Amino acid sequence: MKPSIPQGTRDFSPADVRRRQYILNTIKSVFEVYGFQPLETPSMENLNTLMGKYGEEGDRLIFKILNNGLHEKKDQAKLHEEWDKILSKPYSSTTVTERALRYDLTIPFARYVVMHQNDLAFPFKRYQMQPVWRADRPQRGRYREFWQCDADVVGSNSLLNEAELLCIYQDAFHRLNVPGIQVKINSRKVLAGLAECCGAAEQLTDITVAIDKLDKIGWDGVAKELTERGLEADKVSYIQNYLNISGSTEERLVAMETLLKDSATAQQGIAELRTTLKYMAQLERSEWTSEVLVDFTLARGLNYYTGVIVEVGTTAVKMGSIGGGGRYDDLTGLFGLKGLSGVGVSFGIDRIYDVMTELNLFPEDVDVTTRILFVNIEPEAETTILSYLSHLRGLGISAELYSDAAKFDKQMKYADKRQIPYVGIVGSTELAQKVINLKNMTTGEQQQLSIEQLSEHLV
RNA sequence: GAGGCUAUAGCUCAGUUGGUUAGAGCGUCGGUUUGUGGUUCCGAAGGUCGUGGGUUCGAGACCCAUUAGCCUCCCCA
């Protein structure tokens, strides 16, 4: 049979894994420095935990897992009935699929917080880096299995959290050396205020979905979409005034305060943005080069956000957003724990990988492999070489012996292909003299060294 | 859910308006007198042309169906 992998999944080669781990480890170290703690949840959740949390579209995209042992279930009539429903319409039944693959990290996190509320110290700050699965149609940059990398704080309303999360973005991209980073922030309350002031409060979602596309389809496209979604011309032109506000951050904040003066919600949102920026300014480090800017056109699709929202991109490469997040009130309410507010950010590590590859930002030593390979040409030398391996490994130097007595040039080609920097040659001559003929594969130079000299050379 | 493109060697692809034994590069393996790779030279292996029908004297090429992959829109990360 011809080997293949499921649609929308990927293999990661050793080089890919090292690069991805470099990104993950860097982000992780930033999370840790800000006091976040790691959390992992199962790959699969009970279907009931996930269903109804991501909207109708989301429900369709959940990967469901067929129950085992259906043939020996007692109530076959019920099973047939459920199957018929599944075959005739979008429908899920725990009789047939009791479990499903994790769709994101936020709902499992909420579930975890509710289940362990008595053990947790609130505010609870956790980060989580795990794969998620979606039965979406794969295309460029979109997979059925991909990794999410989230940090959230639950159980605190303080804007200090927002400020810290903005710093996490800046810090992480600074450490990753990604240029041209723009962190855009807005508030859902300002958007709600807009909907309120233009007289379409109940169409907040329609408005946010449309203006979120501004940079993609332009004002004309947005206006068209707003009209299609049933907004009258005067409301559309009010929204146009909103989107036209320009100037420095302070100028725009002031202009927005004036435009939306009739909305208490909007005023609160603007005040929150000011406070967040003030906190952030106190936490920022001078070496960070990223820009943080207020962007009132930023909407973000997810409609569970209720406060400050954020999205990260880079001007250095043509690429969609590489991170985003925001505040969502009452996330755990879905599972019966009321009144806990959360705020979180997410890093899009697949896209960050693409950006860094395109800009060649990975450090050279991410590809480090075995330091020295001993060639296997003299059976008598085996015992000695094994003792060398043991010695070197004890010093933390990765070392290998080519395991088969293959032809010399085959062994050399192997070392070359794996980009191993040193080859150790121990044949009968070297064995007798108790030395190693060390070959530097970059320069081609060779020298005779004792194992002690060799160790020092390689440390 | 809607639309478009593609399918030939392990990989990337040629294959002329249908014509005889199916091509290249890379990779793999072997050799270049048996302890020296990355650069040379010689050679070899490897393909029922995605699958099933059809048109034709003749199909890798044309038609239909089917499957898979890729891409765009919707939506999302």
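Computed from a predicted structure; not experimentally measured. Just so we're on the same page: letters track the sequence lines, and every chain starts at 1.
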Q: Between atom CG in A/Asp404 and atom P in B/rC29, what is the gap in whole Å?
A: 13 Å

Q: Sequence neighbours left out, cut at 3.5 Å: what donor-acceptor pairs do the side chains of residues 430-437 of chain A make with other protein atoms?
A:
| residue | atom | partner | partner atom | Å |
| --- | --- | --- | --- | --- |
| A/Glu430 | OE1 | A/Gly427 | N | 3.0 |
| A/Asn437 | OD1 | A/Gln446 | NE2 | 3.1 |

Q: Please give me every residue in residues 347-385 of chain A whose heavy atoms get under 4.0 Å of an atom in RNA chain B, ordered by residue number.
A: A/Arg351

Q: Using a cut-off of 4.0 Å between protein heavy atoms and nucleotide atoms, how would you tag nucleotides 36-43 of chain B 5' to 3' with B, S and -?
A: BBB-----

Q: Looking for any heavy atom pair under 4.0 Å, which part of the strands does A/Ser346 touch: base, sugar-phosphate only, or nothing?
A: nothing

Q: Nearest-Å distance, NZ (A/Lys407) to C1' (B/rC29)?
A: 11 Å

Q: Write down the distance separating the C1' atoms in B/rG15 and B/rU34, rounded off to the nearest Å.
A: 44 Å

Q: Less than 4.0 Å between a side-chain N and a carboxylate O, is that true for A/Glu32 and A/Lys28?
A: no

Q: What orientation do A/Tyr422 and A/His457 show, parallel under 30°, tilted 30 to 60°, or perpendicular over 60°?
A: perpendicular

Q: So, A/Asp367 and A/Arg19, do they make that salt bridge, N to O below 4.0 Å?
A: yes

Q: List the residues meeting ring pair (Phe, Tyr, Trp, His ring centres under 6.0 Å) with A/Tyr402, not counting sequence neighbours, and say none if there are none.
A: A/Tyr414

Q: What residue pairs, at least two apart or across chains, pass salt bridge (Lys or Arg N to Asp or Glu O under 4.0 Å) with a residue in residues 341-358 of chain A?
A: A/Arg10-A/Asp350, A/Arg20-A/Asp350

Q: Does OP1 or OP2 of B/rU72 have a side-chain N or O of A/Gln139 closer than 4.0 Å?
A: yes

Q: Where each pair must be Watson-Crick or G-U wobble with both distances under 3.5 Å, what dot-bracket representation of RNA chain B is obtained, with crossing pairs in [ ] and other-strand partners as |?
A: (((((((..((((.....[...)))).((((.........)))).....(((((..]....))))))))))))....

Q: C1' atom, B/rA9 versus B/rC29: distance in rounded Å?
A: 15 Å

Q: Return the value, rounded to whole Å, for the distance between atom CZ of A/Arg10 and atom C1' of B/rG69.
A: 16 Å

Q: What is the distance, to the nearest angstrom, from the CD atom on A/Glu145 to the C1' atom on B/rC76?
A: 17 Å

Q: Could you check A/Tyr103 against A/Gln7 and say which one's nearest nucleotide on RNA chain B is further toward the 5' end?
A: A/Gln7

Q: Kindly write out the residues that satisfy side-chain contact (heavy atoms from CB on, under 4.5 Å) with A/Asn67, not counting sequence neighbours, or none if the list is empty.
A: A/Leu70, A/Glu98, A/Arg99

Q: Could you tell me which residues satisfy side-chain hydrogen bond (donor to acceptor under 3.5 Å, both in side chains) with A/Gln182, sequence neighbours excluded, listed by chain and number?
A: A/Glu291

Q: Can you measure A/Leu438 atom CG to B/rG35 atom C1' for me and round it to whole angstrom units?
A: 16 Å

Q: Could you pull out every donor-acceptor pair under 3.5 Å between side chains of residues 172-181 of chain A and any protein atom, sequence neighbours left out?
A:
| residue | atom | partner | partner atom | Å |
| --- | --- | --- | --- | --- |
| A/Arg175 | NE | A/Asp171 | OD1 | 3.0 |
| A/Arg175 | NH1 | A/Ser29 | OG | 3.4 |

Q: Could you give the CD-to-P distance, from A/Gln148 to B/rC76, as a whole number of Å?
A: 14 Å

Q: Starting from C1' on B/rC71, measure out to CG on A/Asp136 and report it in whole angstrom.
A: 14 Å

Q: Under the criterion salt bridge (charged side-chain N to carboxylate O under 4.0 Å, His left out), I'd like the reasoning laid out for A/Asp409 against A/Lys413: C-alpha separation, chi angles, the key distance, then a yes or no.
A: CA-CA 6 Å; A/Asp409 86 305; A/Lys413 279 181 181 165; 3.7 Å; yes

Q: Within 45 degrees of the ring normal and closer than 6.0 Å to the centroid, is that where the cationic atom of A/Arg126 sits relative to A/Phe109?
A: yes

Q: Would you give me the side-chain donor-acceptor pairs under 3.5 Å for residues 378-390 of chain A, sequence neighbours excluded?
A:
| residue | atom | partner | partner atom | Å |
| --- | --- | --- | --- | --- |
| A/Glu378 | OE2 | A/Glu380 | N | 3.1 |
| A/Ser387 | OG | A/Thr384 | O | 2.6 |

Q: A/Tyr34: which residues meet the ring pair (Phe, Tyr, Trp, His ring centres under 6.0 Å) condition with it, sequence neighbours left out?
A: none

Q: Check whether the ring centres of A/Phe31 and A/Phe347 lie less than 6.0 Å apart, and answer yes or no.
A: yes

Q: Between the protein and nucleotides 2-5 of chain B, which nitrogen or oxygen pairs come in under 3.5 angstrom?
A:
none

Q: Rounded to the nearest Å, what distance is computed from the CD atom of residue A/Glu228 to the P atom of nucleotide B/rC74?
A: 12 Å

